[in-house]
Amino acid sequence: MIKIRPLVDSNLEQILSIENNAAPFPWSKEAHQDAIIQQYPSLVLTQADMIAGFIVFNYYLDECHLLNLVIDPSFQSQGYGKKLANKMMEQAREKGMKTVILEVRESNSSAIKLYERLGFKQIGTRKNYYRGNLKQDLAREDAIVMQKPL
Ligand SMILES: CC(C)(COP(=O)(O)OP(=O)(O)OC[C@H]1O[C@@H](n2cnc3c(N)ncnc32)[C@H](O)[C@@H]1OP(=O)(O)O)[C@@H](O)C(=O)NCCC(=O)NCCS
């Protein structure tokens, strides 16, 4: 049984474990703690009470900013990323947001596919936005900026 509910403080360790399993450039514990302290809206998707993934976003004026979306590798490619992003957009619409914006590494093809599938369009790039991937000998990496009207 799949459920989507708000992330609560006590989920921190599970979220960190998913982040470290799944994301090539994981958010630090401090970044997650800060998001909780700042009360960024955040949701977890559970399957049979196990957290399969989470999404963190924020509202600024009439814009929703998707900050982080991670699905545990053992739960990927089952539509859960899409479900979480759709739920975020539903909540943002209810809050009166007019648009969603996000940045994604230009090498992150699975995330870019997901966002395109959801109707996001590239509106620009941010040069050297991310720290690099040493394995690929990249000092910095560009971000693709994507947007979707709500
Ligand atoms: C990106 C991520 C969140 C996708 O989550 P997911 O639950 O596997 O994605 P979904 O199953 O909902 O897939 C939705 C769509 O995305 C696309 N997609 C997802 N993963 C893909 C992959 N590995 N290759 C190609 N397309 C992919 C598909 O088009 C899919 O749509 P379809 O099934 O209707 O064709 C997941 O891979 C992840 O956690 N990655 C590591 C963290 C990360 O990079 N987050 C994004 C930060 S901006």
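Just so you know, these numbers come straight off a predicted model, no measurement behind them. Just so you know, these numbers use all the heavy atoms, side chains as well, and skip hydrogens, waters and symmetry mates. Just follow the structure's listing: the first ligand is 1, and inside any ligand the first atom is 1.
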With heavy atoms only and a cut-off of under 4.0 Å, state how [X] meets ligand 1: side chain, backbone, both or neither.
{"X": "Tyr115", "answer": "side chain"}
{"X": "Ile71", "answer": "both"}
{"X": "Arg117", "answer": "side chain"}
{"X": "Gln78", "answer": "backbone"}

Indicate whether any N or O donor in one side chain lies under 3.5 Å from an N or O acceptor in the other, for [X] and [Y].
{"X": "Tyr80", "Y": "Gln47", "value": "yes"}
{"X": "Glu19", "Y": "Asn68", "value": "yes"}
{"X": "Thr99", "Y": "Glu63", "value": "no"}
{"X": "Glu106", "Y": "Thr125", "value": "no"}

Any donor-acceptor pair under 3.5 Å from Gln147 side chain to Gln122 backbone: no

Neighbour count >12 (heavy atoms, 6.0 Å) for atom CD, Gln39: no

What is the nearest protein non-hydrogen atom to [atom], stated with its residue, atom name and distance?
{"atom": "atom 25 (C) of ligand 1", "result": "Lys113 CG, 4.1 Å"}
{"atom": "atom 41 (C) of ligand 1", "result": "Ala22 O, 3.6 Å"}
{"atom": "atom 13 (O) of ligand 1", "result": "Leu114 CD1, 4.2 Å"}
{"atom": "atom 42 (C) of ligand 1", "result": "Leu69 O, 3.8 Å"}

Val70: numbered ligand 1 atoms lying under 4.0 Å from its heavy atoms: 39 (O)

Cation-pi geometry met for Arg105 and Phe25 (6.0 Å, 45°): yes

Per-atom contact, atom 28 (C) of ligand 1, protein heavy atoms, under 4.0 angstrom: no

